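Below: the structure, in structure tokens.
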Protein chains: 2
Amino acid sequence: MEPPVLRRVLIVDDESSIRDMLAMALEMAGFEVVHAGDAQTALQEIASLQPDLAIIDWMMPKTSGLELCRRIRKNPDTAEIPLVLLTARGEEDAKITGLEVADDYITKPFSPRELVARLKAVLRRTTPRGIDEPVEYDGLRLDPVGQKITARGRSLLLSPTEFRLLQLFMTQPNRAFTRSQLLDRVWGGDVYIDDRTVDVHIRRLRKILGENHSEMIQTVRGTGYRFDPPNTASTNR
Amino acid sequence: MEPPVLRRVLIVDDESSIRDMLAMALEMAGFEVVHAGDAQTALQEIASLQPDLAIIDWMMPKTSGLELCRRIRKNPDTAEIPLVLLTARGEEDAKITGLEVADDYITKPFSPRELVARLKAVLRRTTPRGIDEPVEYDGLRLDPVGQKITARGRSLLLSPTEFRLLQLFMTQPNRAFTRSQLLDRVWGGDVYIDDRTVDVHIRRLRKILGENHSEMIQTVRGTGYRFDPPNTASTNR
DNA sequence: TCATTCTGTAACACATTCGTAACACAACTA
DNA sequence: TAGTTGTGTTACGAATGTGTTACAGAATGA
């Protein structure tokens with residue numbers, strides 16, 4: 001029913017070589033990757049970018065991986081994010097203590113294929129965050145159950161396609177979609193439609209959103225479009 | 001102000017190991033748990049214990065989960081109980097067929113955290129009140145015990161179908177229903193009736209409600225209909 | 001700067017969905 | 001039985017949604 005979703009993964013490790021290795025493997029598997037070198041920036045990235053999953057190294061200089069996990073779980077806004085611990089062989093206690101906070105662990109060394117398989121398994125058994133939970137950015141509110149979008153309390157008159165488009169954007173903010181990805185996910189896989197049609201629907205959506213909110217739909221030149229909620233410093237890449 | 005409610009959840013599954021696992025997770029989250037190993041006892045438990053929610057396995061030996069859902073919906077006394085289907089991965093059709101009758105589904109395997117989150121979400125949006133309590137929106141009053149609906153004191157002359165339709169809407173406001181969901185819940189599970197019939201009954205209902213109240217029944221283009229009470233700034237969270 | 005590519009915008013024709021009324025038959029009542 | 005009410009189906013017009021095209025304007029790179 002649902003087309004495959006491109007997931008955003010945060011990698012937290014103090015060694016940049018490992019980060020890069022992980023990133024390459026994950027990007028080849030179709031994940032979007034974000035980095036963090038220490039717990040502090042990790043927390044910031046999580047808050048602003050809302051990744052679908054975080055890979056956290058057990059051994060880190062200042063704050064340990066376990067401690068970072070605990071902090072993430074403590075904040076209700078981030079408590080539901082699946083966490084995967086990265087441990088060296090022999091750190092058996094990590095597996096025991098770690099699994100009480102994290103959702104899975106991976107032992108170094110590991111093959112990229114194994115890594116990807118484990119992540120997918122974790123994601124599969126984790127809720128696609130709030131598939132019917134309401135989302136709100138700057139007064140723009142999506143109510144998936146009621147199939148309704150309101151701007152500062154006033155309900156917007158959206159066509160079905162416009163609704164699905166905006167719904168996709170709002171549930172996957174800060175992520176750039178190509179036109180064909182949008183056609184795939186909003187129109188449904190097997191249609192053959194001109195790419196340019198997306199542009200027209202974006203135009204209509206922006207018009208309905210009006211001055212205030214239309215700025216959240218950014219065009220990514222040469223690629224497609226992206227939904228940027230405010231107060232998101234979006235410092236990656 | 002409502003006292004903290006301890007919700008009673010009924011688990012229906014033929015495998016006792018899964019029942020126990022579920023029960024443990026739910027009890028830790030503060031739910032009261034009741035078991036049933038088959039559809040027959042499930043129906044008895046529901047009738048006598050009136051749980052706030054039921055988790056039902058899709059695949060069961062004698063009566064299937066779907067069939068059980070339909071029976072629960074068919075009995076007016078139990079029709080409004082939120083139902084969550086438990087499906088194995090790959091049973092895609094279960095999700096599609098199931099969601100016409102159930103309120104949500106959970107795919108095995110799942111994490112306890114996911115389970116609890118989903119249940120809370122379902123409870124949040126389905127049972128804000130007791131089933132027999134009267135509901136009133138803008139002078140439109142539903143009296144479930146007396147099976148009567150009055151508008152500003154004058155009682156409305158509704159046909160049985162119209163009554164059940166409006167009752168469903170008023171007990172589940174702000175929620176969009178597809179035509180087949182409405183057929184399932186208002187007409188009863190196994191009838192084969194044209195979708196368009198729903199439109200006609202909506203029309204009749206609107207006519208009876210008149211200028212003032214008919215606006216509460218909104219059509220959701222491409223989907224179905226929704227009951228929108230006025231003054232609902234929806235400030236939850 | 002110019003040339004080229006990409007995106008915004010409006011207008012149009014076609015497709016789809018929905019509202020409405022009319023009708024036939026079923027269910028119920030007296 | 002005859003009359004009344006309830007219900008499902010159908011048909012058609014109106015309203016709305018959608019894809020395409022054309023052109024203007026903006027961004028990009030040499």
Side-chain angles (χ1 to χ4, degrees), chain A residues 147-149 155-169 176-211 213-228, chain B residues 147-149 155-169 176-211 213-228:
Chain A
Q147 299 254 5
K148 191 163 119 175
I149 292 176
S155 100
L156 296 181
L157 285 87
L158 297 168
S159 78
T161 308
E162 286 150 13
F163 178 85
R164 289 196 303 275
L165 187 55
L166 186 51
Q167 174 171 250
L168 176 63
F169 278 138
F177 292 93
T178 67
R179 289 177 175 76
S180 27
Q181 284 176 327
L182 291 173
L183 281 175
D184 248 26
R185 307 213 37 190
V186 174
W187 276 256
D190 31 63
V191 286
Y192 173 63
I193 294 178
D194 191 342
D195 272 4
R196 304 291 311 281
T197 299
V198 175
D199 296 28
V200 178
H201 280 270
I202 292 284
R203 150 72 178 154
R204 288 168 181 163
L205 197 47
R206 281 175 171 158
K207 200 172 186 179
I208 293 174
L209 289 177
E211 296 288 329
H213 295 122
S214 65
E215 289 169 0
M216 289 197 232
I217 299 182
Q218 289 288 328
T219 112
V220 185
R221 212 185 155 77
T223 305
Y225 299 91
R226 184 185 56 213
F227 184 82
D228 278 351
Chain B
Q147 295 274 304
K148 204 166 86 172
I149 293 175
S155 113
L156 295 180
L157 286 85
L158 297 167
S159 78
T161 309
E162 286 151 11
F163 177 83
R164 289 196 304 274
L165 186 55
L166 186 50
Q167 174 173 252
L168 176 62
F169 277 138
F177 292 94
T178 66
R179 289 177 175 76
S180 28
Q181 284 176 330
L182 291 173
L183 282 175
D184 248 23
R185 310 192 110 184
V186 175
W187 275 256
D190 27 64
V191 286
Y192 174 63
I193 294 179
D194 190 344
D195 272 3
R196 301 295 310 277
T197 299
V198 175
D199 297 27
V200 178
H201 280 270
I202 292 283
R203 152 72 177 155
R204 288 167 181 163
L205 197 48
R206 280 175 172 158
K207 203 171 187 178
I208 293 173
L209 289 177
E211 296 287 329
H213 296 124
S214 65
E215 289 170 359
M216 290 197 234
I217 300 182
Q218 289 285 328
T219 113
V220 185
R221 214 154 223 274
T223 304
Y225 299 91
R226 183 186 56 214
F227 184 82
D228 276 355

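This one's a predicted model, so the numbers in the text were calculated from it and none came from an experiment. Convention: sequence-line order gives letters A, B, ...; per-chain numbering from 1. Note that these values count all heavy atoms, side chains included, but never hydrogens, waters or copies made by symmetry.
For the OP1/OP2 pair of C/dT20 and a distance below 4.0 Å, the side-chain nitrogens and oxygens of B/Arg206 include no atom meeting the criterion. Between C/dT20 and B/Arg203, a contact under 4.0 Å exists linking OP1 or OP2 to a side-chain N or O. In this structure, B/Arg196 does not reach the C/dG19 phosphate: none of its side-chain N or O atoms is under 4.0 Å from OP1 or OP2. Neither OP1 nor OP2 of D/dT16 sits under 4.0 Å from any side-chain N or O of A/Ser159. Side-chain nitrogen and oxygen atoms of B/Trp187 include none within less than 4.0 Å of the OP1 or OP2 phosphate oxygen of D/dT7.
Closest to the A/Pro160 side chain, of the nucleotides D/dG17, C/dG8, C/dA21, is D/dG17. Counting only heavy atoms from C-beta on, B/Val200 has its side chain closest to D/dT9 among D/dT9, C/dG19, C/dT17. With C/dT7, C/dT17, D/dT21 as the choices, the nucleotide that has an atom nearest any side-chain atom of A/Asp199 turns out to be C/dT7. Side-chain atoms of B/Thr161 lie closest to D/dT7 of the nucleotides C/dT7, D/dT7, D/dG17. Distance from the side chain of A/Arg221 is smallest to D/dA26 among D/dA26, C/dG19, D/dT18.
At a threshold of 4.0 angstrom between heavy atoms, the contacts of B/Phe163 with the nucleic acid are absent. Using a 4.0 Å heavy-atom criterion, one finds that B/Thr219 contacts the sugar-phosphate atoms exclusively.
Using a cut-off of 4.0 Å between Lys/Arg side-chain N and Asp/Glu carboxylate O, B/Arg226 and B/Asp228 are scored as salt-bridged.
For the pair B/Thr223/A/Phe163, no side-chain contact is recorded, criterion being any heavy-atom separation below 4.5 Å from C-beta on.
A/Arg179 pairs in a salt bridge (charged side-chain N to carboxylate O under 4.0 Å, His left out) with only one of the listed residues (A/Asp194, A/Asp199, A/Asp195), which is A/Asp199.
Within 3.5 Å, a donor on the side chain of B/Arg204 pairs with an acceptor on the base of D/dG8, or the reverse.
For the pair B/Leu157 CG and D/dT7 P, the interatomic distance rounds to 13 Å; values are reported in whole Å.
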